[in-house]
Amino acid sequence: MSERIVSWHGNPSKPKYTPLPGAVDAHCHVFGPMEKFPFSAKAKYLPADAGPEMLFSLRDHLGFDKNVIVQASCHGTDNTATVNAIAKSAGKARGVAVVDPDIPGDDLHKLHGGGIRGIRFNFLKRLVDNAPKDKFLDVAQRLPKGWHVVIYFEADILEELRPFMDAIPVPIVIDHMGRPDVTQGPDGPDMKAFRALLDSREDIHFKATCPERLDAIKEGGGGDPWDAFAAAVAPLVADYPDRCIWGTDWPHPNMQDEIPDDGHIVDMIPRIAPSEELQKKLLIDNPTRLYWAD
Ligand code: 0GY
């Protein structure tokens, strides 16, 4: 693994949709810069540098006010690149860390001081070597007050993860809705199973994110403008308006074939949240409750 991947659009368009003032891009990442913040020896991809200056310039270009920076798998459990980006944001970013489950309590509190408000459990085999549920549950019991857990998994293991998720004692945020097959439509089996999960407890939230991953080009359709994504996700946002957040997923880790135009990704917002009331919940109220409660 030597070639460094550029996974983001070099010249994203200005979106037609203007986010409400105060809008939060609640799922994005930073990569490096590698010289200062080396990637993990266990990283499954080696990205080009995408540091805080690039992220904040994109934030301004797209019309957002704040970011939630999620520790990407390529940085392993060393959260210094994420915390560095938060420190450079002048209060306009908070973050989600990935930690060694044996992390001492003092280190969790240090991360809190650095703007972290949650930890991420990643179950994607192509991104991490192992995901020890028992250890994850142990650290979930020891989180600083007000933190939550972010979980990234694919739809085929949702049922298997139900007992694990039931046992988590803090609020949960699910990345990319657990990657449903959106081409099944809003009432397809994946969305039905995801709704059953949401109905099982009131403190599960979801990111209405990643049209570019969930509705990629395949035989018979898909790709920008991601119509199947809009059709499957709009009813979910309408039915669970207080439990959804939204993000660009910039710099789109690992994307190589269909690098999305971030302006087009922003233009998905009014298609999944057509009213200003819904947009305010999705972009401001819900992420603020999770990340800027204090
Ligand atoms: C995402 C999705 C992916 C990657 C990561 O941490 C990561 O490397 O999250 C992916 O490859 O699906 O949310 O950025």
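Below, each value reflects all heavy atoms present in this structure, side chains not excepted, and no hydrogens, waters or symmetry copies. Remember, it's 1-based here, ligands and their atoms both numbered in the order they're listed.
Note: F31 and W8 have tilted aromatic rings, judged against thresholds of 30 and 60 degrees for the angle between ring planes.
By the ring-ring contact (aromatic ring centres under 6.0 Å, His included) test, F64 pairs with W246, sequence neighbours left out.
Ring pair F153/F164: centre-to-centre distance not below 6.0 Å. Side-chain rings of F37 and H75 stay apart, their centers remaining 6.0 Å or farther from each other.
A donor and an acceptor atom, one from each side chain of N286 and Y240, are nowhere located under 3.5 Å apart.
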For ligand 1, run through the N/O pairs with the protein that fall under 3.5 Å and put one pair on each line.
{"residue": "ligand 1", "atom": "6 (O)", "partner": "S73", "partner atom": "N", "Å": "2.7"}
{"residue": "ligand 1", "atom": "6 (O)", "partner": "R120", "partner atom": "NH1", "Å": "2.9"}
{"residue": "ligand 1", "atom": "8 (O)", "partner": "Y45", "partner atom": "OH", "Å": "2.5"}
{"residue": "ligand 1", "atom": "8 (O)", "partner": "S73", "partner atom": "N", "Å": "3.3"}
{"residue": "ligand 1", "atom": "8 (O)", "partner": "S73", "partner atom": "OG", "Å": "2.6"}
{"residue": "ligand 1", "atom": "9 (O)", "partner": "R120", "partner atom": "NH1", "Å": "2.9"}
{"residue": "ligand 1", "atom": "9 (O)", "partner": "R120", "partner atom": "NH2", "Å": "2.9"}
{"residue": "ligand 1", "atom": "11 (O)", "partner": "R126", "partner atom": "NH1", "Å": "2.8"}
{"residue": "ligand 1", "atom": "11 (O)", "partner": "R126", "partner atom": "NH2", "Å": "3.4"}
{"residue": "ligand 1", "atom": "12 (O)", "partner": "R126", "partner atom": "NH2", "Å": "2.7"}
{"residue": "ligand 1", "atom": "12 (O)", "partner": "Y152", "partner atom": "OH", "Å": "2.6"}
{"residue": "ligand 1", "atom": "12 (O)", "partner": "R179", "partner atom": "NH1", "Å": "3.4"}
{"residue": "ligand 1", "atom": "12 (O)", "partner": "R213", "partner atom": "NH1", "Å": "3.4"}
{"residue": "ligand 1", "atom": "13 (O)", "partner": "H27", "partner atom": "NE2", "Å": "2.8"}
{"residue": "ligand 1", "atom": "13 (O)", "partner": "R120", "partner atom": "NH2", "Å": "3.3"}
{"residue": "ligand 1", "atom": "13 (O)", "partner": "H176", "partner atom": "NE2", "Å": "2.7"}
{"residue": "ligand 1", "atom": "13 (O)", "partner": "D249", "partner atom": "OD1", "Å": "3.3"}
{"residue": "ligand 1", "atom": "14 (O)", "partner": "H29", "partner atom": "NE2", "Å": "2.7"}
{"residue": "ligand 1", "atom": "14 (O)", "partner": "D249", "partner atom": "OD1", "Å": "2.7"}

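In this structure, D25 contributes its side chain and T248 its backbone to a donor-acceptor pair below 3.5 Å.
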